[in-house]
Amino acid sequence: MTPEAGTTETRQPAGVARADELALLASLPTGLFIGGEWRPASDGGTFDVCDPSTGNVLIQVADATPQDGLAALAAASAAQKQWAKTPPRVRAEILRAAFEAVTARADDFALLMTLEMGKPLAEAHGEVAYGAEFLRWFSEETARISGRFAVAPDGRSRLMVTRRAVGPCLFITPWNFPLAMATRKIAPAIAAGCTMVLKPAALTPLSALLFAQVLQQCGLPAGVLNVVQTTSAGAVTGPLITDPRLRKLSFTGSTPVGINLLKSAADQVLRVSMELGGNAPLIVFEDADLDAAIDGTMVAKLRNGGEACTAANRLLVHESIAEEFTKRLVERMRAHTVGRGTEPGSLLGPLVDEATRAKVHELVTDAQTAGAHLALGGAYIAGAGYFYEATVLTDVPATARIMHEEVFGPVAPIITFATEEEAIALANDTEFGLVGYVFTLDLNRALRLSEELEVGMLGVNTGIVSNPAAPFGGVKQSGLGREGGFEGIEEYLETRYVGIADPFAAVS
Ligand code: NAP
């Protein structure tokens, strides 16, 4: 099937932006945010940010040069000492004010995110609430940073352990969650007393720019957060990673880029957090509540258009229920309304760009060539924008690339299994280990799988696990470190131990 052969119709916009969109875009800061000031790129360069539902240019923003990147690090480095000494309550209150401000401007953030990334407005609102919640969670954690004090086992000294801010950080974030991937790093860094440079994805820098403006309005001191959007990611971030003033790198993105960044970070023995790719298995056992399993699959597969590291990439379904499961999933996915994210009722927006759409189609075609059966979709949607049909593949052979690579689109590949052992072996047959999903009403089986699956997170009878109060992160090639939860702030703290002589020695 050729990419253009699909029959699904979208309700495409005429290509003319609405007045509220134009007004929001006109109000945005478009410069680089360095040392508390908005400034153009040092060479005056700009780049286009486009609407994936039309391909039209939304706005132009400053395009940071390597010199701008170093200026941002200089600003972060200059602010670090004073910022780390700020009373925790002051840092907490800035975060709390930012939570209130983002929540109050949820409509603006959601619309902006839909415009630059394409997700339906209702999902964009979900991300705003999720992203804001990191600000509230870490505002509450700020005052709980503590150390310990102990008498040494031999009684001859005292052991004092304190927690200190790691220092200036570099954050590199992806396009799929333009606000939440930033707040998940920025909020714990502010809480811990770190300063930072953020490099958002070139496809979606607008949410980060608006967020930086909100933090500025909430009283974040100059230099604590600096934002350098750029089309030269490697050239701008490379010199920062090898600069001794930088003390921490936190990256969210693909595993190949993460591996290269880890290699660069090794030269400075940088602290690193890596939130990388996934290849999530979603396992439906014969004893599952099928309604819940279908609902969970729809969320795990189609939330964010399938463009999520947590997206269910492989549906493993017990052979006794596979036919019924497939029939019901196809019905639900066929009824999923495709359209520009701003349109009422739109449940599936465009993919973020043509390269992403081409990769999705390549994986679908490869699976068919390998012997998979196309039960739904499988084609581009004609017209403007990067729309792709909701797609279901069955009988997918283990050799198909889609079993091993993130599809990052609305494609559900189904394979069957006969036993629990087989399901576990299939699920673990990947170098990734971010998240898994299990649908079963057997408590012991769920507990067995929570121990046997090689993942950092597991959803039991649910298709969504992300929660700001829980540690998000993976094992194997899905990454290092955790974001959110009590664990999230640990990434931005280092431990200092002070040994103190026995205070009674002098008087004995
Ligand atoms: P990506 O291509 O790795 O890009 C992520 C970020 O890295 C972008 O800001 C990108 O800049 C930047 N980048 C690319 N090459 C770089 C280089 N050589 N040096 C420094 N920075 C560089 O990933 P993506 O396509 O944006 O996002 C999708 C990936 O992110 C998927 O694999 C997904 O699973 C993963 N992800 C993981 C999590 C998680 O928490 N585990 C969450 C969300 C997404 P440009 O924008 O200029 O390319």
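Along the sequence shown, the residues carry numbers beginning at 1. Both counts, for ligands and for their atoms, begin at 1 and track the order of listing.
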Could you tell me whether Phe408 and Trp175 have their ring centroids closer than 6.0 angstrom? yes
I need the contact type for Thr252 against ligand 1. Using non-hydrogen atoms and a strict under-4.0 Å cut-off, is it side chain, backbone, both or neither? both
Find all atoms of ligand 1 within a distance of less than 4.0 Å from any non-hydrogen atom belonging to Leu434, and give their numbers and elements. 41 (N)
Selected option - heavy-atom contact closest to atom 10 (C) of ligand 1, from Lys199, Arg184, Glu275: Lys199
Would you mind checking which non-hydrogen protein atom is closest to atom 9 (O) of ligand 1, with the distance to 0.1 Å? Thr173 O, 2.7 Å
Mind checking what makes salt bridge (Lys or Arg N to Asp or Glu O under 4.0 Å) contact with Glu123, not counting sequence neighbours? none
Atom 1 (P) of ligand 1: the protein heavy-atom neighbour that sits closest, reported with distance to 0.1 Å: Ser254 OG, 3.6 Å
Minimum non-hydrogen distance to atom 16 (C) of ligand 1, winning option of Val257, Val236, Thr237: Val257
Examine ligand 1 and decide if any of its atoms is less than 4.0 Å from a heavy atom belonging to Glu307. no
If you compare Ser466, Gly234, Gly456, Ala280 by their heavy atoms, the one closest to atom 18 (N) of ligand 1 turns out to be Gly234
From Thr356, Thr310, Leu276, Ile241 - option closest to atom 41 (N) of ligand 1 by heavy atom: Leu276
Who gets closest to atom 26 (O) of ligand 1 by heavy atom: Phe177, Trp175, Phe472? Trp175
Tell me the side-chain hydrogen bond (donor to acceptor under 3.5 Å, both in side chains) pairs involving residues 189-202, sequence neighbours left out? Gln80-Thr195
How far is atom 36 (N) of ligand 1 from the closest protein heavy atom, and which atom is that? Cys309 CB, 3.5 Å
Atom 21 (N) of ligand 1: nearest protein contact (heavy atom, Å): Ala233 CB, 3.7 Å
May I ask which of Pro256, Ser264, Gly253 has a heavy atom nearer to atom 35 (C) of ligand 1 than the others do? Gly253
Run the contact test for Asn260 against ligand 1 with a 4.0 Å cut-off on heavy atoms, strictly below, and give the result. no
